[in-house]
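Here the structure comes first, spelled out in structure tokens, and everything after it is commentary.
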There are 2 protein chains.
Amino acid sequence: MGISLKDVALRAGVSVKTVSNVVNEYRHVTPQTRQRVQRVIDELGYRPNLTARHLRKGRTGMIALALPELGNPYFAELADAVIEYAGALDYIVLLDHTNGRRDQEVLFAQGFRARVIDGLILSPIELENEDLLARESDAPLVLLGERQYDAPYDHIAIDNVAAARTAAAHLIELGRRRIAFLGARHGQARQTAHLRLQGWREVMAEAGRPTGEEYVAATDGYTREDGAQAMARLLDSGVRPDAVFCYNDLIAIGAMRTLTTRGLRVPEDVAVVGFDDIEDGRYCATTLTTVAPHKRAIARAATDALLERLALTGGQEIEPRRVQPGFALIPRESTTGRS
Amino acid sequence: MGISLKDVALRAGVSVKTVSNVVNEYRHVTPQTRQRVQRVIDELGYRPNLTARHLRKGRTGMIALALPELGNPYFAELADAVIEYAGALDYIVLLDHTNGRRDQEVLFAQGFRARVIDGLILSPIELENEDLLARESDAPLVLLGERQYDAPYDHIAIDNVAAARTAAAHLIELGRRRIAFLGARHGQARQTAHLRLQGWREVMAEAGRPTGEEYVAATDGYTREDGAQAMARLLDSGVRPDAVFCYNDLIAIGAMRTLTTRGLRVPEDVAVVGFDDIEDGRYCATTLTTVAPHKRAIARAATDALLERLALTGGQEIEPRRVQPGFALIPRESTTGRS
DNA sequence: CCGGTGTTGTATAACGATGTAAAACACATC
DNA sequence: GATGTGTTTTACATCGTTATACAACACCGG
């Protein structure tokens, strides 16, 4: 089939191991030998057989990335970042989605895909703490996203409260007074939406702005449609906000549509801030101000955490990491009027 | 690390190959031996090491599926179907996306990922015929989707003209007279949109309905936003259709929103038909009538075609296949008024 | 009891890479 | 020239599996 080390060795007149040494940039190879071997490698177009390498090394070189849904651009973009970063480190990423369902999340955590992947990055939605504690698989697991757990696993998530505070503060600075929050979910105190809601509440209270329930609109999901409906309900309830901070960009985009439909101008009448910095937001009719979690930093942190655990030999243990990648407020037309 | 054949063999008092024979359900093993070995397998929890198996077999057991974008639910759902079907056949699917860009499509066709995957299923958008003819990689390639090529590769796509005819005919049957088409793209006679447009045109002409350019709205992309804008342009141009057939469900959903916004009722004033049968369409306020390509059949056909080529030994050749999986019109509220 | 035929099990060699240990070589020091 | 020290290269075993070839055994008909 393909060209193997043996073929190269034969042609270059050296041993198989020497070729391997050249390929792996082993130190003690004379420049002459290295050059000669390298020439043959290029000539024959040798590419290492990953399967064989992985067999020998006892690893597959693959990691799984299990996200709630790929239909949400935030996750699609995040997946992209992980695939790119891990790819540069010669890891192959298996992309999976859980639909945000607990049973599927448990399945992945328990090691569906065991023996195929070396480790797993999981972004849970419904997974419970007890599920993690009951985990049996010994493949490294890194948790992603805002849900909080009390279990010994690496966890990568931005500081949602701080990020929400930044967004709210931005609106306050612009002189807005009645700032609504779109996208809270009922119950579920540990969930992300709660953290963002908390950040909003803190800043509102500090600035002496209303934080009543009438300014909070819950949504069932996180889609544009959910945002459009929530915005409509809010307006129908008689509240007249001059700004809305949305749980994510999709909701914000939906909200903007409703506002436009109702004859309200963005940002003159109502300023809008989203969260995620998905590409859509940059191409809206009115470009969307948003809080941008640093996706590449998240991807890097998650991958690094996983690979570091994979590099541990034998019985070594390291403390679970909590990493908080950065974020940035990106002001665009939906609050400033110009991009 | 894990339990190997050797461990099982030792414990069961048989040779490694015998255990392998049991695992692979080789015929000539006595029930006694089989039972004894099986018991040890269960006891130790032996799972075969895929890496080793693949090394020995000269295959990786992985196929790549390269789709334009995962943000479009149609592709996400299709990916799901392929992953599930191929998974049942013990193949692992590597999911990639090309953003519908020619350079990336060429990259995949040329064998980015070579030596990692056994074959590739590619759904091209911009790829040109010459790119295919210039292809050097010898890994099997199966083409997916409606773009037509004159190159020796398997091609899986539903009959788009027929499918579009079905949709148009449905609207005609309901007594609609001025039926617009949303989602044509400029130029590009070989593209999918052209086929669906053609089906629409044929049926309109046969029924003596108008097919003028004023009833055709082009879009830049295939998103909800594109649909909303195209619908708005159409209405602003003074045309008053009593039905629209949209290139896909996303465009249809966008169009429905514009209609609602403008005070037009679906389906009373304007009936709407989409294409793809994405899940969103089933949960719209007004559920969406759509043409449903049989995604599982497509996934099956593509995977089967690829695996069949993989099964070919040595110099064997088979003719490129053209498979046309089925489709079905699914009437819902957006045309019938009830679901 | 022989040879033929078919079944069941085993020993051994691959697949393509890397780790280990040691051989081969270079060079300086005494 | 013997010894030591460090560099460069090699032979061989190994990862866990399957393919090949053959040995061992059973059964049958003559």
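Residue numbering restarts at 1 for every chain, and letters A, B, ... go by the order of the sequence lines.
- Of the side-chain N and O atoms in B:T18, none sit less than 4.0 angstrom from OP1 or OP2 of C:dG9.
- Partner of A:R309 under the salt bridge (charged side-chain N to carboxylate O under 4.0 Å, His left out) criterion, chosen from A:D118, A:D138, A:D304, A:D154: A:D154.
- Both B:N21 and A:V16 lie close to DNA chain C; mapped to their nearest nucleotides by heavy-atom distance, the more 5′-ward contact belongs to B:N21.
- Atom NZ in B:K57 sits about 17 Å away from atom C1' in C:dG16, given to the nearest Å.
- For B:S20, counting side-chain heavy atoms from C-beta on, the closest listed nucleotide (D:dC15, D:dT18, C:dT18) is D:dT18.
- Atom NZ in B:K17 sits about 9 Å away from atom P in D:dT20, given to the nearest Å.
- Comparing D:dT10, C:dA11, C:dA17 by their nearest atom to the side chain of A:Y46 picks out C:dA17.
- Of the side-chain N and O atoms in B:S15, none sit less than 4.0 angstrom from OP1 or OP2 of C:dG9.
- A side-chain N or O of B:D80 and one of A:H97 form a donor-acceptor pair less than 3.5 Å apart.
- Contact between the side-chain N/O atoms of B:R53 and the OP1/OP2 oxygens of D:dG16 is not found at any separation under 4.0 Å.
- If you check every strand for non-hydrogen atoms under 4.0 Å, A:V14 touches sugar and phosphate atoms only.
- We find the CD1-CD1 distance between A:I92 and B:I92 to be 10.0 Å, quoted to the nearest 0.5 Å.
- Here the C1' atom of nucleotide D:dG16 and the NE2 atom of A:H54 are 15 Å apart, to the nearest Å.
- The separation between B:D7 atom CG and D:dT17 atom C1' is 13 Å, rounded to whole Å.
- Applying the 4.0 Å criterion to OP1 and OP2 of D:dT14, one finds that A:R56 has every side-chain N and O outside that range.
- Shown for residues 24-45 of chain A: residues whose heavy atoms fall under 4.0 angstrom of DNA chain C, namely A:N24.
- Judged purely by atom type and a 3.5 angstrom limit, B:R147 has no side-chain atom pairing as donor or acceptor with the backbone of B:P124.
- Heavy-atom contacts from other residues, nucleotides or ligands closer than 6.0 Å to CZ of A:R322 number more than 12.
- Separation of atoms CG (B:L55) and CG (A:N49) is listed at 6.5 Å; rounding is to 0.5 Å.
- When rounded to the nearest whole Å, the span between CG of A:L55 and P of C:dA14 equals 17 Å.
- Rounded to whole Å, atom P of C:dA17 lies 11 Å from atom NZ of A:K6.
- Listed for the B:N129 side chain is a donor-acceptor partner under 3.5 Å among the backbone atoms of B:D150.
- Remark: P of C:dA17 and CG of A:L50 are 9 Å apart, rounded to the nearest angstrom.
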